[in-house]
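I have placed the structure first, in the form of structure tokens, so that the comments after it can refer back to it.
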Amino acid sequence: MTRQTVIAYWLIPSEPGHSFFQRIINDLAGRYDALVFEPHVTIHVGADRADAAKNVLGNAAREWKLIGLTPLGIDQSDEFIKTLFVRFPMSAELRKINGIIRQAAEDSSHYQLKPHLSLLYKNLAPATRRELAASINVPLSEVTFDAIKAVRCVSPTKSRADVEAWRVVAAASLCGDHV
């Protein structure tokens with residue numbers, strides 16, 4: 001698979017979700033010698049056009065105010081960036097904001113939106129991942145997202161060095177009329 005530099009567009013949770021997920025990420029990073037990163041849901045990954053990212057975020061921010069997602073549970077996989085993650089359902093809101101970003105970025109990438117919030121990036125044995133997934137409970141009935149960021153990164157992200165190289169190129173608060 002070809003690796004390339006891309007811009008990932010992230011939804012950032014508001015409080016209390018942000019602090020809750022950040023505590024879990026920090027705890028797991030400490031226990032498993034992994035990286036600390038900001039909690040986020042990737043809603044699009046496209047061309048490395050940082051010049052367009054601010055306009056893209058501006059369009060999305062004007063269109064939406066808050067986005068609420070219902071956690072479906074904790075899952076795990078052998079994919080580095082989905083070692084341990086919170087699953088969220090696909091929604092019309094997510095499809096629409098993904099489309100707004102894709103259109104504003106004039107981006108024809110084939111990114112498949114599968115809403116999730118990663119809690120750990122680390123290659124772990126399947127039994128360890130399953131045990132961790134079973135041990136975490138998300139007590140929030142809904143997670144609200146009130147900000148969006150554009151992050152330059154390498155895709156696919158496969159290592160600690162890849163994550164350490166992430167750089168935020170634009171950020172915006174969601175402030176549109178939709179709820």
Side-chain angles (χ1 to χ4, degrees), residues 6-45 57 60 64-91 93-94 97-98 101 111-174 179:
V6 296
I7 300 291
Y9 295 90
W10 293 355
L11 284 177
I12 307 298
S14 59
E15 295 302 335
H18 193 280
S19 293
F20 173 77
F21 292 122
Q22 193 67 67
R23 277 192 304 274
I24 293 173
I25 290 166
N26 294 353
D27 176 61
L28 291 169
R31 287 168 46 199
Y32 292 94
D33 187 30
L35 287 160
V36 171
F37 54 90
E38 183 170 27
H40 63 276
V41 171
T42 302
I43 52 174
H44 183 65
V45 175
L57 294 191
W64 294 98
K65 188 168 186 171
L66 301 175
I67 295 175
L69 299 175
T70 304
L72 297 176
I74 307 291
D75 210 343
Q76 52 81 32
S77 79
D78 62 359
E79 186 179 349
F80 181 74
I81 57 170
K82 288 179 83 176
T83 304
L84 189 66
F85 59 96
V86 180
R87 287 179 292 115
F88 292 101
M90 180 57 76
S91 70
E93 274 184 318
L94 285 176
I97 199 164
N98 172 273
I101 290 171
Y111 177 73
Q112 296 295 314
L113 178 58
K114 295 178 184 168
H116 69 279
L117 188 149
S118 290
L119 301 171
L120 179 65
Y121 298 147
K122 184 77 175 182
N123 294 316
L124 296 174
T128 303
R129 294 192 315 260
R130 285 191 297 272
E131 188 176 299
L132 279 172
S135 73
I136 297 172
N137 177 43
V138 179
L140 307 168
S141 60
E142 183 176 76
V143 179
T144 303
F145 297 81
D146 67 352
I148 189 167
K149 292 186 177 182
V151 179
R152 178 176 281 128
C153 56
V154 173
S155 180
T157 296
K158 292 185 169 255
S159 70
R160 180 183 199 111
D162 290 347
V163 175
E164 288 171 340
W166 288 352
R167 295 294 176 262
V168 174
V169 297
S173 293
L174 296 178
V179 176

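These numbers come from the heavy atoms of this one structure, side chains and all, not from hydrogens, waters or symmetry mates.
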Which label fits Trp166 and Trp10: parallel for a plane angle under 30°, tilted from 30 to 60°, or perpendicular past 60°?
perpendicular

Please walk me through it: do Leu120 and Gln76 pass side-chain contact (heavy atoms from CB on, under 4.5 Å)?
CA-CA 9 Å; Leu120 179 65; Gln76 52 81 32; over 6 Å; no

Qualifying residues under side chain to side chain donor-acceptor pair (under 3.5 Å), relative to Gln22, sequence neighbours excluded
Asn26

Under the side-chain contact (heavy atoms from CB on, under 4.5 Å) criterion, do Ile148 and Ile101 qualify, and how do the steps go?
CA-CA 11 Å; Ile148 189 167; Ile101 290 171; 3.6 Å; yes

Any side-chain heavy-atom pair of Pro156 and Phe80 under 4.5 Å:
no

For Pro89 versus Pro115, what's the shortest heavy-atom pair and its separation?
O-CG, 3.7 Å

Partners passing ring pair (Phe, Tyr, Trp, His ring centres under 6.0 Å) against His116 (at least two apart in sequence or in another chain)
Phe85

Quick one: do Val6 and Cys153 satisfy side-chain contact (heavy atoms from CB on, under 4.5 Å)? Show the steps, please.
CA-CA 6 Å; Val6 296; Cys153 56; 3.8 Å; yes

Smallest separation among heavy atoms of Ala29 and Val36, with atom names
CB-CG2, 3.7 Å

According to side-chain contact (heavy atoms from CB on, under 4.5 Å), who are the partners of Glu131, at least two apart in sequence or on a separate chain?
none

Would you indicate whether the side-chain heavy atoms of Pro13 and Phe20 approach each other to under 4.5 Å?
no

Where do Ile67 and Glu93 come nearest, in terms of heavy atoms and distance?
CG2-OE1, 3.8 Å

For residues Ile25 and Leu35, report the shortest heavy-atom separation together with the two atoms involved.
CG2-O, 4.4 Å

Side-chain touch Leu94/Leu69, heavy atoms, less than 4.5 angstrom
yes

Applying salt bridge (charged side-chain N to carboxylate O under 4.0 Å, His left out) to Arg31 and not counting sequence neighbours gives Asp27

With sequence neighbours excluded, what pairs up with Arg160 under the side chain to side chain donor-acceptor pair (under 3.5 Å) test?
Glu164

What's the separation between atom OH in Tyr9 and atom CG in Leu113, rounded to the nearest 0.5 Å?
14.5 Å

Contacts of type side chain to side chain donor-acceptor pair (under 3.5 Å), residue Ser19, not counting sequence neighbours:
Glu15

With side-chain contact (heavy atoms from CB on, under 4.5 Å) as the test, would you mind laying out the steps for Thr83 and Leu28 before giving the verdict?
CA-CA 11 Å; Thr83 304; Leu28 291 169; over 6 Å; no

Hey, can you pull the donor-acceptor pairs under 3.5 Å for the side chains in residues 121-128, sequence neighbours left out?
residue	atom	partner	partner atom	Å
Lys122	NZ	Tyr32	O	3.3
Lys122	NZ	Asp33	O	3.1

Considering residues at least two apart in sequence or located in another chain, which fulfil the salt bridge (charged side-chain N to carboxylate O under 4.0 Å, His left out) criterion with Arg87?
Asp75

Checking Glu38 now: which residues fulfil salt bridge (charged side-chain N to carboxylate O under 4.0 Å, His left out) with it, not counting sequence neighbours?
Lys149

Residues two or more places apart in sequence or in another chain: which of them pass side-chain contact (heavy atoms from CB on, under 4.5 Å) with Ala170?
Ala53, Lys54, Leu57, Ala150

To the closest 0.5 Å, what do you measure between CD1 (Ile81) and OG (Ser155)?
7.0 Å

Among Thr42, Val143, Leu174, whose side-chain contact (heavy atoms from CB on, under 4.5 Å) with Leu11 holds?
Leu174

Among residues at least two apart in sequence or on other chains, which ones pass side chain to side chain donor-acceptor pair (under 3.5 Å) with Glu142?
none

Ser14 vs Phe145 side-chain heavy atoms within contact, under 4.5 Å:
no

Distance (rounded to the nearest 0.5 Å) between Leu119 CG and Arg23 CZ:
12.5 Å

Smallest heavy-atom separation, Val138 atom then Pro71 atom, equals CG1-CG, 3.9 Å

